[in-house]
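Written below as structure tokens is the structure these notes are about.
Hydrogens, waters and symmetry mates play no part in the numbers below; they use all other heavy atoms, side chains included. If you're wondering where the values come from, they're calculated on a predicted model, not measured in any experiment.
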Amino acid sequence: MDSFRIRIARRAPKAPRGMTRSLACLLLLPGVSWLAGEARAQQWQLTKEKDGIRIESRRIPGARFEELRISTLLKASPEAIADYLFGKYLDEKNKNIRRSFVQRGRDVTVWSDVLSTPVTSERCYSMRFERHAPGNGEIRVKFVSLDYVGKKPSADCIALRSRGEWVMTPTGAGTRLTYVSLTDFGGKVPAMLAERSLSSAAVSSLRKVVAGSSGLALPKGFDD
């Protein structure tokens, strides 16, 4: 998967490795105000395109950080990718995440996470995955953060808010996979550091789905 290793174009302080890896293992999932702001969103701007991966971003009124859209082509079918997202993608172990499932199904899954990193306070959040098939063979897996379901491990655990979707569009040779995410990590995190971390995490998530749904070895760092 070396061809999927790219650098984010924008200059910013390097994100701590623990934060980037932890974020990448989530399908980071907004406040309601973001939904209203999306109607007034700026146009997508190309940030980087290299080795088959296209990275775009845009500003959403009311959101602290940029919305990201990352896409690539792969040979796996939309069905295989969606099944991976609802299966092994969520089951992968990560030393920084404590996960419990609230509801598990082929079309709807809800779970709660407690995210720990070396440099920030814990984040507590619940997520919802929902599969849609609008037609023409396309599959969309929409995700959104929810209020934490269950007992929080600590009173000062910070809520993480996010929403987005995975879009699997069939092509003649496989699938165009697009990942869209708008995430607020919560707390007092420097904007440039957070945006660099979220960009790196989004690319890593895409690489992980490409590898996993294609039956390839996961990118280095995801199996610990």
- Query: Would you say the side-chain atoms of S57 and Q45 include a donor-acceptor pair closer than 3.5 Å?
  - Reply: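 Per modelled atom types, S57 and Q45 side chains form no pair under 3.5 Å.
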
Is the shortest heavy-atom distance from the side chain of [X] to the side chain of [Y] under 4.5 Å?
{"X": "R140", "Y": "V180", "result": "no"}
{"X": "E138", "Y": "P170", "result": "yes"}
{"X": "W166", "Y": "L206", "result": "yes"}
{"X": "V209", "Y": "M168", "result": "no"}
{"X": "T178", "Y": "T169", "result": "no"}
{"X": "S199", "Y": "I55", "result": "no"}
{"X": "T183", "Y": "F65", "result": "no"}
{"X": "E165", "Y": "H132", "result": "no"}

- Ion pair E56/R58, N-O distance below 4.0 Å: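 Salt bridge flag = no for R58 with E56.
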
- Query: Below 4.0 angstrom, N of the basic side chain to O of the carboxylate: do D83 and R131 qualify?
  - Reply: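 Yes, charged N to carboxylate O under 4.0 Å.
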
Just verifying a value: how many Å separate [X] [atom1] and [Y] [atom2], rounded to the nearest 0.5 Å?
{"X": "R128", "Y": "K142", "atom1": "CZ", "atom2": "NZ", "result": "12.5 Å"}
{"X": "R161", "Y": "L182", "atom1": "CZ", "atom2": "CG", "result": "12.5 Å"}
{"X": "R99", "Y": "L115", "atom1": "CZ", "atom2": "CG", "result": "10.0 Å"}
{"X": "R123", "Y": "N96", "atom1": "CZ", "atom2": "CG", "result": "13.0 Å"}
{"X": "I158", "Y": "Y125", "atom1": "CD1", "atom2": "OH", "result": "13.0 Å"}
{"X": "S100", "Y": "D113", "atom1": "OG", "atom2": "CG", "result": "7.5 Å"}

Looking only at non-hydrogen atoms, find the nearest pair between [X] and [Y] and report the distance.
{"X": "D156", "Y": "S154", "result": "OD1-OG, 3.0 Å"}
{"X": "I70", "Y": "A202", "result": "CD1-CB, 3.3 Å"}
{"X": "P78", "Y": "T175", "result": "CD-OG1, 3.1 Å"}
{"X": "L90", "Y": "T109", "result": "CD1-CG2, 3.9 Å"}
{"X": "Y179", "Y": "S205", "result": "CE2-CB, 4.3 Å"}
{"X": "G87", "Y": "R104", "result": "O-NH2, 3.4 Å"}

Decide whether [X] and [Y] are clustered together by the hydrophobic rule: side chain heavy atoms of Ile, Leu, Val, Met, Phe, Trp, Tyr closer than 4.5 Å, transitively.
{"X": "V144", "Y": "V102", "value": "yes"}
{"X": "M127", "Y": "V114", "value": "no"}
{"X": "F101", "Y": "Y148", "value": "no"}
{"X": "I60", "Y": "V167", "value": "no"}
{"X": "I97", "Y": "W111", "value": "yes"}

- Item | Sequence-distant partners of F86, ring-ring contact (aromatic ring centres under 6.0 Å, His included), two or more places apart | F129

- Contacts of type salt bridge (charged side-chain N to carboxylate O under 4.0 Å, His left out), residue E79, not counting sequence neighbours: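 Result, salt bridge (charged side-chain N to carboxylate O under 4.0 Å, His left out) vs E79: none returned.
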
- Message: Does atom CG (D91) have a neighbourhood of more than 12 heavy atoms from anything else shown, all under 6.0 Å?
- Response: yes

- Message: Would the distance check show the side chain of S214 and the main-chain N or O of A76 forming a donor-acceptor pair, the cut-off being under 3.5 Å?
- Response: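 No, because the side chain of S214 does not come within donor-acceptor range (under 3.5 Å) of the backbone of A76.
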
- Task: Check the pair R163, E67 against salt bridge (Lys or Arg N to Asp or Glu O under 4.0 Å), reporting the backbone distance first and the verdict last.
- Result: CA-CA 10 Å; R163 66 102 176 100; E67 184 176 30; 2.8 Å; yes

